[in-house]
Amino acid sequence: MKNKHILDLYFTLHKEYGSQGWWPLSSIKTNNGYHPNNYKYPVTNQERFEICVGAILTQNTSWKNVEKAITNLKEINALNMLYFLDTPEAKIKQAIRPAGYFNQKYKKLVEFTKFFLSLKKRTPTRKEFLDIWGIGPETADSILLYAYKEPIFVVDAYTKKLLLKNKMIPQAEKASYEDIQKLFMDNLERDYKLYQEYHALIVANGKVKKI
DNA sequence: AGCCAGGCTACCG
DNA sequence: CGGTAGCATGGC
């Protein structure tokens with residue numbers, strides 16, 4: 001039996017903020033890269049790579065700053081998975097500077113890109129992503145959900161605060177990442193579109209904290 | 001002028 | 001295991 005409150009909260013958020021159109025892509029010229037009610041992206045492997053890069057760059061960083069970094073990477077032709085590793089370290093670091101932690105994030109991007117290039121067509125497992133230096137639970141799940149369309153719920157700092165504020169889980173402050181992920185996944189159908197929209201809505205709300 | 005932003009690693013007890 | 005300093009920049 002599913003706990004209706006989890007789905008009710010989704011509808012409440014969606015009514016308040018509307019479809020979010022995550023994950024934004026630089027190749028989409030309208031709406032600043034967002035694509036509401038269109039869940040076909042990524043279409044190409046290059047778009048998939050861009051989502052992964054963005055997921056790493058946005059760790060503890062506002063998306064506004066990440067946009068600048070992505071624009072810079074594109075300008076030096078380093079957002080392309082085939083050229084990233086051939087671009088000089090100093091140029092990459094300069095490009096991603098606006099996203100902060102540029103020394104760490106440079107290393108994370110290098111480790112990730114090596115792994116990404118080693119893949120053929122299959123979807124990697126969650127554990128494979130977690131074994132990469134610089135990829136933690138939220139980044140791994142964001143990549144699986146938005147780059148690979150796997151029905152995995154992404155938990156972030158806003159998610160816990162939202163549950164706490166709405167008293168939807170006893171002692172939410174003590175709940176682990178996996179506990180919270182399980183709460184959502186146990187109470188929602190395994191639908192990547194629903195999970196993509198829900199997480200995006202939680203972030204939209206987290207920025208204004210209305211609900 | 002602080003505090004926060006779509007976290008993670010390393011290291012501590 | 002759980003808790004936390006350090007990582008860096010830009011916006012408000």
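Each chain gets a letter, A, B and so on, in the order its sequence line appears, and its residues count up from 1.
The CD atom of A/Glu67 sits 17 Å away from the P atom of B/dA5 (whole-angstrom rounding). Atom CG in A/Asp141 sits roughly 13 Å away from atom P in B/dG7 (whole-Å rounding). The distance between atom CD1 of A/Ile143 and atom P of B/dG7, rounded to the nearest whole Å, is 13 Å. For A/Glu173 and C/dG3, the CD to C1' distance is 15 Å, given to the nearest whole Å. If you take NZ of A/Lys209 and C1' of B/dC3, they are 11 Å apart, rounded to a whole angstrom. Atom pair A/Trp63:CH2 and B/dG7:P shows a separation of 12 Å (rounding to whole Å applied). Between A/Asp156 atom CG and B/dC4 atom C1' there is a gap of 14 Å when expressed in whole angstrom units.
Residues A/Thr61 and A/Lys105 bring a donor and an acceptor atom of their side chains to less than 3.5 Å of each other. No hydrogens or angles considered: nothing links the side chains of A/Tyr158 and A/Asn205 as a donor-acceptor pair under 3.5 Å.
Spacing of P atoms, C/dT4 relative to B/dC4, comes out at 15 Å, to the nearest Å. Separating the P atom of C/dA8 from that of B/dC11 is a span of 16 Å, rounded to the nearest Å. The same atom, P, is picked in B/dC3 and in C/dA5; the two are 14 Å apart, to the nearest Å.
The pair A/Glu67-A/Lys64 meets the salt-bridge criterion, since a charged nitrogen lies less than 4.0 angstrom from a carboxylate oxygen. Note on A/Glu16 versus A/Lys210: salt bridge recorded, some NZ/NE/NH1/NH2 to OD/OE distance being below 4.0 Å. The pair A/Lys93-A/Glu89 counts as a salt bridge, with a side-chain nitrogen and a carboxylate oxygen less than 4.0 angstrom apart. Between A/Arg122 and A/Glu128, at least one side-chain nitrogen of the basic residue sits less than 4.0 Å from a carboxylate oxygen of the acidic one, meeting the salt-bridge criterion.
Proximity of A/Glu150 to A/Tyr192: side-chain heavy atoms (C-beta onward) are nowhere separated by under 4.5 Å.
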So what is the 5' to 3' dot-bracket string for DNA chain B, if pairs are Watson-Crick or G-U wobble with both distances under 3.5 Å, crossing pairs use [ ] and | means the partner sits on another strand? .||||.|||||||

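Comparing A/Gly206 and A/Ala140 against DNA chain B, the residue whose closest nucleotide sits nearer the 5' end is A/Gly206. Along DNA chain B, the nucleotide nearest A/Lys161 and the nucleotide nearest A/Tyr177 are compared for position; the residue whose nucleotide lies closer to the 5' end is A/Lys161.
Using a 4.0 Å heavy-atom cutoff across all strands shown, A/Tyr34 reaches at least one base atom of the nucleic acid. Using a 4.0 Å heavy-atom distance criterion, A/Trp22 is classed as a base contact. At the heavy-atom level, A/Ile135 lies under 4.0 Å from the strands shown only through sugar-phosphate atoms.
Across all their heavy atoms, A/Lys209 and A/Lys165 have their closest contact at O-NZ, 3.3 Å. Nearest approach of A/Gln196 to A/Tyr146, heavy atoms of both residues: O-OH, 2.6 Å.
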Can you list the steps and then say if A/His35 with A/Tyr41 is a ring pair (Phe, Tyr, Trp, His ring centres under 6.0 Å)? CA-CA 9 Å; A/His35 43 91; A/Tyr41 295 104; 4.8 Å; yes

Counting primed atoms, P, OP1 and OP2 as sugar-phosphate and everything else as base, the B/S/- map of nucleotides 5-12 of chain C against protein heavy atoms under 4.0 Å is --BBBSS-

